[in-house]
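Heads up, the thing below is written out as structure tokens.
Fair warning: this is a prediction, and the values are worked out from it, not measured in the lab. These values consider heavy atoms only, across backbone and side chains, with no hydrogens, waters or symmetry-generated copies.
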Amino acid sequence: MEKINKKKQHVLLRSIVDYFRAHPVALSIATICVFVSALGAIVAPLMIQNVTDLIVEAIEAKSFAVIEDRFTTFLIILVSAYLVSLAGGFTYSQLTARYAQKYMHEIRCRLFDHMQDLPIRYFDTHDKGEIMSTFTNDVDTIRQLLSQSITTILICSVTFISIFVIMLLSSIYLTLIVLVGVVAMIIVTKTVGGRSAKNFKDGQHYVAKVEGFVEEMMNGLKVIKSFTHEEECNDQLEKQVVKLQKVSCNGNKYANILMPIMGNIGNLLYIIIAVVATLLFIYDVPELTILGYFPDSTIRIGIIVSFLPMVRQFTNNVSEVSNQVNPIAMAIAGTTRVYNLLDEEKETDNGYVTLVMGKYDENGNIVECGRKEHTLGAWKHPHTADGTITYTLLRGDIRMFDVDFGYVPDKIVLHNVSLYAKPGQKIAFVGATGAGKTTITNLINRFYDIADGKIRYDGININKIKKKDLRRSLGMVLQDTNLFSGTIMDNIRFGRLDATDEECIEAAKLANADSFIRRLPQGYNTYIKGNGSSISQGQAQLLSIARAAVSGCPVMILDEATSSIDTRTEQIVLRGMQNLMKGRTVFLIAHRLSTIQDAEAIMVLEHGKIIERGTHDQLIALHGYYYQLYTGVFELE
């Protein structure tokens, strides 16, 4: 229900409210300063009118002495108003600039923090380039809204209302003419500015599309070059950019004609007011009466002199507000995408069983302890019925019972899958691409939740285990290695952030990676880029194994970790993997059947079903699908 209400709430209002909630004191001061900065624009026409009337009085009296004191007072008031206005303007501009940037920092952190809690399914269905555009372009539109557009509209609104009241008190005839001009300016803004805003709003969408396309092309650059697909990619990008160019040109076309039209309406209005005011003065026309109020019996020179600058300022304010149409339209588009991401439902986690460090007490019972004392891992299981807490030894016993699963509800991809992996056993999965091998490991990690059946970890239903604790007990080595920008040591330590340098080095030795690391220019302190381009693919895989090793997890998932490396490198990686697998429960996915012959159980999958299971020798003796794969009658695709 809360999410529905948030969707109904206007995104701009929501953004402004969030902004004020984040920095209430500073922004309250800034708002006060905005009103103070408008003081000069309000006081100036009043003082000009009074000073002009005093000068006329002095000319008629042929003596400056009769007005000297009042003249000095008005000048002091005018100068003081401008100084106060200057101080207010400087203060609010500094505050809004600083806190708008600070809020951008906060909202980007909120986005990233929220993104970390989104389910894997979200990233499977959304373009990564568009997500990146939300972090950059869309957030920046909010900065422009908060630091520029809102303050401009607020100042113009205060000045607009104040000057309108002064104009109304000065001359109703002239004020009515000004209102006719303002109506014309509003119509132009709605017509021309509306078309410009629509195109700029569409432009934000196309910018995200282009960024997503470029990000995809950069990731696949080697493939593009390998297949000499550059021209086709250029053509595809051209189509995307042409759409962006078209809406951008249309937006700028309307934006560029808006201000000249508004300026000319203001100039025309200025001339009309000057002519009408002169005629009213010459012919001594009495003013209109509104609600029993008489502005003046007739118009005075002081009113004419002060009214003309007010007309200019009045129309300028309307133009300034109309000039914010495009930034606001872009902010609406950007803010909508930002809040759409923030409103995405986080990955649900109703688990209450946690992973703790423990040891045996003198009675042989498991108790919690600090890392330095711990000798084992344990599942902490609170029981709400009687308030007791039990501890279950972390062993790595994983069992699946009649599991069904589909990425979408009406399309089941795993059917009635049952298996068990006792602590220390190696379970291998074999099957064609799309048979469901990786899907099973994703279910163990709870990247996705099963449709039916049960998965138990050390006898505990994994739905009861907190996802972060569950995943902390599982190590993964994937076919596509993901390294991060940083040193070799940093990348190994990613497996367990509190690991010491000595533990990381031991993990590297276990993974058979220590020798190549020491040959690097700075050894373990060698800096590598996030894509691992400065080292070979085999070396990157060894670092991935070392990262899994330092985690110390009792369960390892090895997903085709050697399928993309050469045979010689594979032997090096396999030695590292063999060291990693010792004493651990292992789920191994491999296309190369030679790497799984020593598995305690091999599961042969086809179309989401386990069609054969057993050891290598048992499956060979069965002369079934596995036998045909092993002898080369069939090949995995």
Side-chain angles (χ1 to χ4, degrees), residues 355 376-379 392-403 414 416-431 435-446 450 453-462 465 469-479 495 510-511 545 548-549 551-563 573-605 609-622 624-626 629-630:
L355 182 61
L376 49 85
W379 298 112
T392 303
L393 181 64
L394 175 63
R395 297 182 300 128
D397 184 301
I398 295 180
R399 301 170 186 257
M400 303 180 74
F401 302 92
D402 304 319
V403 169
L414 286 183
N416 198 35
V417 172
S418 296
L419 59 89
Y420 66 87
K422 294 179 180 179
Q425 284 189 332
K426 182 196 296 185
I427 308 299
F429 297 107
V430 175
K437 305 182 298 296
T438 300
T439 301
I440 290 176
T441 60
N442 285 337
L443 296 181
I444 295 172
N445 267 294
R446 282 198 73 192
I450 60 178
K454 286 183 181 180
I455 303 176
R456 292 187 176 275
Y457 192 150
D458 292 331
I460 304 169
N461 191 323
I462 63 169
I465 302 174
D469 292 275
L470 172 67
R471 292 164 188 167
R472 277 201 299 130
S473 71
L474 302 169
M476 292 193 73
V477 181
L478 305 175
Q479 175 184 0
L510 182 70
I545 294 171
S551 69
C553 298
V555 179
M556 287 290 163
I557 297 172
L558 309 178
D559 191 350
E560 301 187 36
T562 63
S563 64
V573 173
L574 281 175
R575 286 198 295 271
M577 288 173 56
Q578 291 296 337
N579 294 332
L580 178 67
M581 291 187 287
K582 287 178 182 177
R584 290 184 168 95
T585 304
V586 177
F587 292 96
L588 179 61
I589 300 172
H591 272 94
R592 299 179 186 178
L593 303 184
S594 59
T595 63
I596 61 171
Q597 292 181 27
D598 61 339
E600 279 79 7
I602 299 172
M603 307 290 172
V604 184
L605 287 97
K609 297 179 181 179
I610 298 177
I611 58 174
E612 294 177 5
R613 68 179 77 204
T615 64
H616 170 76
D617 293 336
Q618 289 171 341
L619 293 177
I620 291 294
L622 192 62
Y625 186 75
Y626 180 83
L629 290 174
Y630 187 75

Looking at Thr585 and Gly396, would you say the former's side chain and the latter's main chain have a donor-acceptor pair under 3.5 Å?
yes

Supply the atom-to-atom distance Leu622 CG to Arg613 CZ, rounded to the nearest 0.5 angstrom.
12.5 Å

Set of side-chain hydrogen bond (donor to acceptor under 3.5 Å, both in side chains) partners for Asp458, sequence neighbours left out:
Trp379

Kindly indicate whether the side chain of Leu474, heavy atoms from C-beta on, has any atom under 4.5 Å from the side chain of Cys553.
no

CD1 on Ile455 to CG on Asn445, rounded to 0.5 Å
10.0 Å

Looking only at heavy atoms, the pair that brings Thr615 and Glu600 closest together is CG2-O, 3.3 Å

First locate atom CG of Asp559, then atom CD1 of Ile589, and finally report the distance between them rounded to the nearest 0.5 Å.
4.0 Å

Answer yes or no: does atom OH of Tyr420 have more than 12 heavy-atom neighbours from other residues, nucleotides or ligands under 6.0 Å?
no

Flag side-chain contact, heavy atom, 4.5 Å: Ile398 against Val555
yes

Sequence neighbours excluded, which residues qualify as side-chain contact (heavy atoms from CB on, under 4.5 Å) partners of Ala548?
Val477, Met556, Leu580

side-chain hydrogen bond (donor to acceptor under 3.5 Å, both in side chains) against Asn416, all qualifying residues, sequence neighbours excluded
none

Qualifying residue, where the test is side-chain hydrogen bond (donor to acceptor under 3.5 Å, both in side chains) with Tyr626 and the options are His616, Glu612, Gln618:
His616

Do Leu414 and Leu443 pass the side-chain contact (heavy atoms from CB on, under 4.5 Å) test, and can you show the C-alpha distance, the side-chain angles, and the key distance before you say yes or no?
CA-CA 11 Å; Leu414 286 183; Leu443 296 181; 3.5 Å; yes

Nearest 0.5 Å, please: how far is CG in Leu629 from CD1 in Ile620?
9.5 Å

Indicate the atoms forming the closest heavy-atom contact of Gly552 with Arg584, along with that distance.
CA-NH2, 3.7 Å

Write down the atom of Leu470, the atom of Ile444, and the distance for their closest heavy-atom approach.
CD2-O, 3.5 Å

Check: Gly431 main-chain N/O paired with Lys437 side-chain donor or acceptor under 3.5 Å
yes

Check this for me, if you would: do Arg471 and Asp469 make a salt bridge, where the nitrogen-to-carboxylate-oxygen distance has to be below 4.0 angstrom?
no

Checking the side chain of Ser418 only, and the main-chain atoms of Asp402 only, is there a donor and an acceptor separated by less than 3.5 Å?
yes

Can you name the closest pair of heavy atoms from Gly495 and Ser551 and give their distance?
O-CB, 3.5 Å

Please test Tyr457 against Leu394 for side-chain contact (heavy atoms from CB on, under 4.5 Å), starting from the C-alpha separation and ending with a verdict.
CA-CA 9 Å; Tyr457 192 150; Leu394 175 63; 3.6 Å; yes

State, with a plain yes or no, whether a side-chain heavy atom of Phe429 is found less than 4.5 Å away from one of Ile596.
no

Do Ile611 and Leu605 have side chains that get closer than 4.5 Å, going by heavy atoms?
no

Any idea which heavy atoms bring Gly377 and Leu393 closest together, and the distance?
O-CD1, 3.7 Å

Side-chain heavy-atom pair Val604, Ile610 within 4.5 angstrom cut-off
no

Note, Arg446 side chain near Ile462 side chain (heavy atom, < 4.5 Å)
yes

From CA spacing to verdict: side-chain contact (heavy atoms from CB on, under 4.5 Å), Phe587, Met603
CA-CA 10 Å; Phe587 292 96; Met603 307 290 172; over 6 Å; no

With a 4.5 Å cut-off on side-chain heavy atoms, are Arg399 and Lys422 touching?
yes

Between Val586 and Gln425, is any pair of side-chain heavy atoms under 4.5 Å apart?
no

Where is the tightest heavy-atom contact between Leu355 and Ser473, given as atom of each residue plus distance?
CD2-CB, 4.1 Å

